[in-house]
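What follows is one structure encoded as C-alpha cells, with my remarks underneath.
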There are 2 protein chains.
Amino acid sequence: MLAQLAEVVGCCEPLAREPLSAQQSVELSRVFKAMGDPVRLRLLSLIASHVGGEACVCDLTDVFDLSGPTISHHLKVLREAGLVTGERRGTWVYYRVRPELLATVSAVLVPEPAEDSPASVPGGREALPVVEA
Amino acid sequence: MLAQLAEVVGCCEPLAREPLSAQQSVELSRVFKAMGDPVRLRLLSLIASHVGGEACVCDLTDVFDLSGPTISHHLKVLREAGLVTGERRGTWVYYRVRPELLATVSAVLVPEPAEDSPASVPGGREALPVVEA
DNA sequence: CGCCTGCTTCGACGTCGGTCGAAGCAGAGG
DNA sequence: CCTCTGCTTCGACCGACGTCGAAGCAGGCG
C-alpha cells in the first residue's frame, strides 16, 4: 500500500527547480518526519557511524534514558520510512542504514545535484530504496 | 533562547562519520520536523522555485485547499526553523528560502561533503543561518 | 523441556500539532 | 477618517505521536 519512494521521489527535481507535486510532498515528508525526532536522528547517526556499519539494539538502548519499547518503536519508525533495515542474527537484531535514501534526500535539497556522492550508483535510479512496510 | 543552528549543526560531521550529540540531534531534528509535513514541504518548494526566488503569501494560499490561518501557521513554522524568511512590502508579504540551511542539512546526510554546492560560501561557516525565533 | 535474555507488540495515557473561524493588525486608497 | 484587503494571532477542537509497563515472541542454553 505504501507508495515506493524511488518512483515518486527518486525522479523528482531539487526543491528549487520546480515545485513538488502533492504526492511527492507526501512521500518526502514521510522521511523527514521520521528524522524529525531527536532520538531517531541520534539513533540514525549511532547506527551509521557504528563499526561495521551496523549496530545491535542493545548497544543503542544503553545510550538513552528511555525504555526498551520506546527505542524499539523509534527503530520501527525509521524502518518504515526506509531509512534503516533490521536483521535478526541469533539472539540479537542488527540495524543498518540505507545510504541510498540519505543520498536521494540530500540531492533533493540542494540546487546542484552533486551526484558525485559514492552512494548514488550510476544508472541505479531503479535500484533506489523501496519501502516495504 | 533558541540555540543557533550554525554553532551546533554547522560544525557537525556527516551522520555516518560520528554520532550526533544530544544537543546536535535536538537542533537538527527541529529542521527536519519542520520539513516533515507535506504542506510545509510543498510550500518550501513553491517558494524556492518561484520566479525571483520569492513568493507572496496570496500565491501560496491559492495552491492548497486550506484556510489562510493554516497556511500562515505553516509559514511560521518554516520561519522559526530558519528555512525561510518573510518580508513585508506594502500590502503583501514575500517569503524567500535560506539556501545555506538546505545546503548545511544536505551535507550532514551524505558521507562525502560534496561542498562544491554554490550556496556554501568558503570559510562562511559562521555565516550560516541563525534562528531568531 | 523450562528458563532466561533480547527484542517487539499491545494498550493506555498525556502532550503536541494541524486545522478552523473569529478577531486583530498593517497598509493602501478613498 | 473610514473602509477594504492581505496577513497574522488567538482560542478551541481533535487526531497524531512519544512514552511507559505488561505481555508476547524468538532463540540460546542448561
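Chain naming here is simple, since letters A, B, ... match the order of the sequence lines and numbering starts at 1 in each.
For A/Leu43 and D/dG18, the CG to C1' distance is 13 Å, given to the nearest whole Å. When the C1' atom of D/dT9 is taken as reference, atom CD of B/Glu80 falls 12 Å away, rounded to whole Å. In this entry the distance linking CG of B/Asp62 with P of D/dC7 reads 9 Å, nearest Å. Spacing between atom CD1 of A/Ile71 and atom P of C/dT8 amounts to 10 Å, rounded to whole angstrom units. Separating the CG atom of A/Leu41 from the C1' atom of D/dG18 is a distance of 16 Å, rounded to the nearest angstrom. If you measure from atom CZ of A/Phe64 to atom P of D/dG18, you get 14 Å, rounded to the nearest angstrom. Distance B/Lys33 NZ to C/dC16 P: 10 Å, rounded to the nearest Å. Straight-line distance from the NZ atom of A/Lys76 to the P atom of C/dC10: 7 Å, rounded to whole Å.
Out of C/dC7, D/dG18, C/dT9, the shortest distance to the side chain of A/Asp37 is found at D/dG18.
At a threshold of 4.5 Å between non-hydrogen side-chain atoms, the residues A/Arg79 and A/Thr85 do not count as touching. Side-chain contact between B/Val77 and B/Lys33 is absent, with no heavy atoms from C-beta onward closer than 4.5 Å. Here the side chains of A/Asp37 and B/Ser29 are not in contact, with every heavy-atom distance at 4.5 Å or above. The shortest distance between side-chain heavy atoms of A/Val84 and A/Arg96 does not fall below 4.5 Å.
Close to C/dC20, at under 4.0 Å from its OP1 or OP2, lies a side-chain N or O of B/Ser67. Not one side-chain nitrogen or oxygen of A/Tyr94 sits closer than 4.0 Å to the OP1 or OP2 atom of C/dC7. Side-chain nitrogen and oxygen atoms of A/His74 include at least one within less than 4.0 Å of the OP1 or OP2 phosphate oxygen of D/dT19. Residue A/Ser72 places at least one side-chain N or O closer than 4.0 Å to OP1 or OP2 of C/dT8. The side chain of B/Arg40 places an N or O atom within less than 4.0 Å of a non-bridging phosphate oxygen (OP1 or OP2) of C/dG18. Contact check, A/Thr70 against D/dC20: a side-chain N or O comes under 4.0 Å of OP1 or OP2.
For the pair B/Pro69 and B/His73, both in contact range of DNA chain C, the more 5′-proximal nearest nucleotide belongs to B/His73. Of the two residues contacting DNA chain D, namely A/Arg88 and A/Gly36, the nearest-nucleotide position lying further toward the 5' end is that of A/Gly36.
A/Arg88 and A/Tyr94 share no donor-acceptor pair across their side chains, judged by distance under 3.5 Å alone.
If you check every strand for non-hydrogen atoms under 4.0 Å, A/Leu66 touches sugar and phosphate atoms only. Counting non-hydrogen atoms under 4.0 angstrom, B/Tyr95 reaches the backbone sugars and phosphates but no base.
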